Amino acid sequence: MPELPEVETTCRGIRPYVVGCKVSSIVVRQPKLRWPIPESLHELEGQKVLSVKRRAKYILLESAKGTAILHLGMSGSLRVIDVDLAPEKHDHIDIIFATGKAVRLHDPRRFGAVLWTREDPLQHKLLSHLGPEPLSDDFNAALLYQVSRSRKVAVKQFIMNAKVVVGVGNIYASESLFMAGISPKISAGRISLARYKTLANAIKIVLTRSIEQGGTTLRDFVQAEGKPGYFQQQLNVYGRAGEACTVCGTQIKQISQGQRSSFYCSNCQK
DNA sequence: AAAGACACCTGTCCGC
DNA sequence: TGCGGACAGGTGTCTT
């Protein structure tokens, strides 16, 4: 499911029901996620949530005692529900608020995570080595150009590397490269500064537009209030192998790069 | 240091 | 209808 736009959509969706609200209890039905859910997570009980922040694809629920770090993995979603709504299969955790609402984590594949830290969450081992946010000014062509020199990896895998830039997952990597007219197969180190300007701009536009549409729902992503995203209607290449390019009509190709599928138009992207 | 393979887990879809 | 295999939005870890 979630790349940056879906995580951002989720944060915006839960924020009104969470910020300033007191956590009355936390129910863990399945502690075996990517890592075991720590017992210390219960330190959030009795605390007021001070903020909901996002860093990369991590969701941070901050309190005076510490911060819950959530990740949605490949198939996770958070929904705001009434506390008495019966849980269904794969509803692993409820963070229950004194308001009578709860945030419920649903994650069939259990690649997601829920962690707890008493320190600055940005110093957490999982967050401290991440690259810049793609929608910030720290992410730009100069950075891509500089970091890519002498790198032989394909540009598609390069922009999906969270040490280079966070939040660009498999869908938006393909879509951004299409918008920029760059083949996913080109070595990152052989791309000019001018082309990286086009690419950095494309990444920002694609992610921003997707956030505006509530993200992309391929199978099971839902926003906090249960609605799907709508950006999938604007996908030009992802999942469209064999179909006609929306620009030139050439058949969209699918290849495998780094064990992930890539989609591109061999005529529009060089 | 960089790149590639693999691991985690469940559900779905496709071909036979 | 059933079964095996491939594949799916992520990313840490281990091996070359």
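Note that the coordinates shown come from a computational prediction; the quantities given were computed from them, not determined experimentally. Throughout, a chain's letter reflects where its sequence line sits, starting with A, and its residues are numbered from 1.
If you check every strand for non-hydrogen atoms under 4.0 Å, A:Arg260 touches a base. Here A:Lys125 lies in heavy-atom contact (under 4.0 Å) with sugar-phosphate atoms only. Within 4.0 Å (heavy atoms only), A:Ser150 reaches no atom of the nucleic acid at all. Note on A:Phe158: nothing from the nucleic acid sits closer than 4.0 angstrom, heavy atoms only. Counting non-hydrogen atoms under 4.0 angstrom, A:Arg34 reaches a base of the nucleic acid. A:Lys57 comes within 4.0 angstrom of the backbone, heavy atoms only, and of no base.
Counting to the nearest Å, the P atom of C:dA8 and the CD atom of A:Glu3 are 13 Å from each other. Whole-Å rounding puts the A:Leu207 CG to C:dG9 P distance at 16 Å. Rounded to whole Å, the distance from CG on A:Leu218 to P on C:dC7 is 16 Å. The interatomic distance linking A:Asp107 (CG) with C:dA8 (C1') rounds to 13 Å, in whole Å. At whole-Å resolution of the value, NE2 in A:His90 and P in C:dA8 are 20 Å apart. Distance A:Met160 CE to C:dG12 P: 13 Å, rounded to the nearest Å. The distance from atom CG of A:Leu33 to atom P of C:dT11 is 15 Å, rounded to the nearest whole Å. The distance between atom CD of A:Gln259 and atom P of C:dG9, rounded to the nearest whole Å, is 12 Å.
A:Tyr172 and A:Phe231 have tilted rings, their planes meeting at an angle from 30° to 60° on a 0 to 90° scale. Ring geometry for A:Tyr145 against A:Tyr196 counts as perpendicular: the plane angle is over 60°, on a 0 to 90° scale with 30° as the lower cut.
Nucleotides C:dG5 and B:dA7, compared at atom P, are 16 Å apart to the nearest Å. Rounded to whole Å, the separation between the P atoms of B:dC9 and C:dC3 comes to 23 Å.
In terms of modelled atom types and a separation under 3.5 Å, the side chain of A:Arg54 and the main chain of A:Ala56 share a donor-acceptor contact. Not a single donor-acceptor pair under 3.5 Å links the side chain of A:Thr9 to the backbone N or O of A:Gln223. The closest donor-acceptor contact from the side chain of A:Glu175 to the backbone of A:Val237 lies under 3.5 Å. Formation of a donor-acceptor pair under 3.5 Å by the A:Gln47 side chain with backbone atoms of A:Val23 is not found in this model.
For the OP1/OP2 pair of C:dG10 and a distance below 4.0 Å, the side-chain nitrogens and oxygens of A:Tyr172 include no atom meeting the criterion. The side chain of A:His71 contributes no N or O atom lying less than 4.0 Å from OP1 or OP2 of C:dG10. Between A:Ser261 and C:dA8 there is a side-chain polar atom (N or O) within less than 4.0 angstrom of OP1 or OP2.
Contact between A:Thr217 and A:Gln232 at its shortest, heavy atoms only, is N-OE1, 2.9 Å. Nearest heavy-atom pair, A:Arg151 versus A:Asn161, reported as atom, atom and distance to 0.1 Å: NH2-ND2, 3.7 Å. Heavy-atom minimum distance, A:Leu207 versus A:Gly167: CD2-O, 4.4 Å. In terms of heavy atoms, A:Ala188 sits closest to A:Phe158 at CB-CG, 3.6 Å.
Both A:Leu130 and A:Arg109 lie near DNA chain C, and the one whose nearest nucleotide falls closer to the 5' end is A:Arg109.
Stem analysis of DNA chain B (at least three stacked-register Watson-Crick or G-U pairs, each with both distances under 3.5 Å) gives B:2-8 with C:10-16, B:10-16 with C:2-8.
Here chain A contacts DNA chain B (any atom closer than 4.0 Å to a heavy atom, that is under 4.0 Å), and the contacts span B:dA2 to B:dG11 from 5' to 3'.
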